[in-house]
Amino acid sequence: MAFLSLDLREEYWTSLLLLAVLLLWLYIWQSGKKSWPPGPPAWPIVGHLPRLGQRSHVNLTEWSKKYGDIVAVRFGSEDVVVLNSYRAFKEAFVDRGAEFAGKASLPLAKMFSNNGKGITFASYSEAWREQRKFVLRAIRLLQNTPSNSETIINREAATLVTSLLRHRGEPSNIQSDVALSIFNVTCSLVFGQRFDYDNVDFKQFVSSMNRISVNLGSLGLSNAFPLLGKIPFLGFRDAYESLESAFEELRRFIANQVHEHRQTLDPNDIRGLLDVFLLEIQRRTDSGEDAGSFTDDQMMQTVFDVFIAGVETTLSAFMWLVFYAARFPALQPTVQEELDRVLMRGESVSAAHRRSLPVTEATVMEVLRLATPSPLNFRATTCDVTLRGYRLPEGTWALMNCWAVHRDPQQWTQPDTFAFTRFLDKEGRVTTPPAWRPFGIGRRACLGEQLARTQLVVFFAALLRNFSLSLHVPEGAPLPSVEDAVLGVALMPAAFQVRAIPRQI
Ligand code: HEM
């Protein structure tokens, strides 16, 4: 009996211990859950990826309506927190700017950036800071040279008008004409050189960029499962190879320019950003100063970033302007009335007019809000962070959902409706609500914002000053819709045709 009672007591203590362990585990599990944002149920292994689809920004925005402005999702095995409101943006990317200034370690981003060199996909580091500061300073420095950005933009806007006149009002997809002008703004700024429509380098560039955009969409899934890129019959390997060769072609194009510019470098004739770079490398070598991030590799990647981050996004933004103007033609007379009032007869639009064109600028801003060319931006935490009680370990991917912020009814009355007047104050001057975030927010916000905005306003003004646009829909075809957009480097409207009918001015 004594033995029995001893046995019972042992069993009793063992059960109690097991119960305690279970309770402790439940407690840890529960408190772990409490310190992690809510989100929809995930599939095993693949997480939420199959549910996101091509319109991931829209689906994530829908989820935020149910789960709140900070939502947890999983991309394969990678935990991601999605920030969906301006309040969450401010709390994370501004108030804790340095803690959310990292970049997600997407496998494709590594391929994009030659393992994190340059600016766009560099980690939050001294090299990133140095490169970013340098490019901003170089653009300012170039204001006193023929590579002045405003001069370049005015010239390319005029070239775009000439090239559209060649269509004689016939239906056409004007994307290549626009791409050439936008490409030439960047080429002039960086190399001090522009290219013609028939130039082999330009054609190669357009084809490489197209391949990058097409393949980026199809490769989204392989960011969570890099191994998928190695399996032949799934189609990811082809897309990877095509992407790699497109990157290679762009790098070769830049490398040729570096070679030519180095041979002909003259400190008294600075042709563009690349010359400023080469001179800085030379200065540091000559003075024996530490090269820091001023190496050939970094320079190549920074130039590459300016092209990748600048050309496709600006092209997408401008194609959305053309799309909205053609699809909703009522917006054209309002802008044209302002242009005809401000410009003299026969006068060309220039960057100097920008301040006198608030309606045009507000229209551009409203289209950037509705279209959001860069809807999702991948950041990461640079250390362990606690945000609203959620504990996010260092390296957690933090997805900035600008699309959600631009459609948030708490920030915008009737967010789905086009209303340029929301960007004008009582005196008719341009005003920028803090929740307007097409260029991101915080330390990694777009460094080309001012350049892009001037470019878009001047190009759009030149377009509507010289033409009236109408959408051409082939018989039997559906009307092109905002929903058909394709997400690659940027969110691009699906191909459409317009008639650009010359105006009497
Ligand atoms: C309409 C055109 C453009 C849009 C919508 C756009 C949008 C953006 C966005 C949303 C980001 C990420 C911001 C963040 O994480 O907070 C970004 C970053 C960046 N953009 Fe732009 N961009 C445009 C044009 C340009 C141009 C013309 C240039 C080049 C001069 C440029 C260069 C960059 C660079 C280098 C970064 C990375 C900044 C960093 O990580 O520090 N962008 N852009």
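In listed order, ligands and their atoms are each counted from 1.
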Closest protein heavy atom to [atom], given as residue, atom name and distance to 0.1 Å:
| atom | answer |
| --- | --- |
| atom 36 (C) of ligand 1 | Thr120 OG1, 4.2 Å |
| atom 28 (C) of ligand 1 | Gly310 CA, 3.5 Å |
| atom 7 (C) of ligand 1 | Pro438 O, 3.6 Å |
| atom 6 (C) of ligand 1 | Phe439 CD2, 3.7 Å |
| atom 24 (C) of ligand 1 | Thr313 OG1, 3.5 Å |
| atom 38 (C) of ligand 1 | Arg132 NH1, 3.4 Å |
| atom 16 (O) of ligand 1 | Arg379 NH2, 2.7 Å |

| query | Would you call Arg284-Glu280 a salt bridge at under 4.0 Å N-O? | reply | yes

| field | Heavy-atom pair of closest approach, residues Ser316 and Ala490 | value | CB-CB, 3.8 Å

| task | Anything under 30° is parallel, anything over 60° is perpendicular, the rest tilted; go ahead and classify Phe378 against Trp397. | result |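 Aromatic pair Phe378/Trp397 classed perpendicular.
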
| Parallel, tilted or perpendicular: which fits the ring planes of Phe93 and Phe89, with parallel below 30° and perpendicular above 60°? | perpendicular

Does any N or O atom in [X] lie less than 3.5 angstrom from one in ligand 1, N or O only?
| X | result |
| --- | --- |
| Ser374 | no |
| Arg444 | yes |
| Cys446 | no |
| Trp128 | yes |

| message | Is the contact between Met400 and ligand 1 made by the side chain, the backbone, both, or neither, using heavy atoms and a 4.0 Å cut-off? | response | side chain

Would you mind listing which atoms of ligand 1 come within a distance below 4.0 Å of any non-hydrogen atom of [X]?
| X | answer |
| --- | --- |
| Gly440 | 10 (C), 13 (C), 16 (O) |
| Ile441 | 16 (O) |
| Gly448 | 26 (C), 28 (C), 30 (C), 31 (C) |
| Asn377 | 10 (C), 12 (C) |

| query | Could you state the interatomic distance from CG (Leu368) to CH2 (Trp436), rounded to the nearest 0.5 Å? | reply |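 Result: 5.5 Å between the selected atoms.
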
| field | Separation between CG of Asn115 and CD of Gln301, rounded to the nearest 0.5 Å | value | 9.5 Å

| Between Arg369 and Trp412, is NZ or CZ placed under 6.0 angstrom from the six-membered ring centre and within 45° of the ring axis? |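 Checked: cation-pi criterion met.
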
| field | Geometric cation-pi criterion Arg129 and Tyr124, 6.0 Å radius, 45° cone | value | yes

| query | Is Val364 close to Phe420 at the side-chain level, that is, under 4.5 Å between some pair of heavy atoms? | reply |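 Not touching, per the 4.5 Å side-chain cut-off.
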
| Asp305 heavy atom under 4.0 Å from ligand 1 | no

| task | Return yes when atom CD of Gln414 has more than 12 non-hydrogen atoms of other residues, nucleotides or ligands closer than 6.0 Å, and no otherwise. | result | no

| query | Who gets closest to atom 1 (C) of ligand 1 by heavy atom: Ala317, Ser316, Ala309? | reply |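 Ranked by closest heavy atom to atom 1 (C) of ligand 1, first place is Ala317.
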
| query | Out of Lys90, Arg87, Arg388, which one pairs with Asp95 under the salt bridge (charged side-chain N to carboxylate O under 4.0 Å, His left out) rule? | reply |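 Only match with Asp95 under salt bridge (charged side-chain N to carboxylate O under 4.0 Å, His left out): Lys90.
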
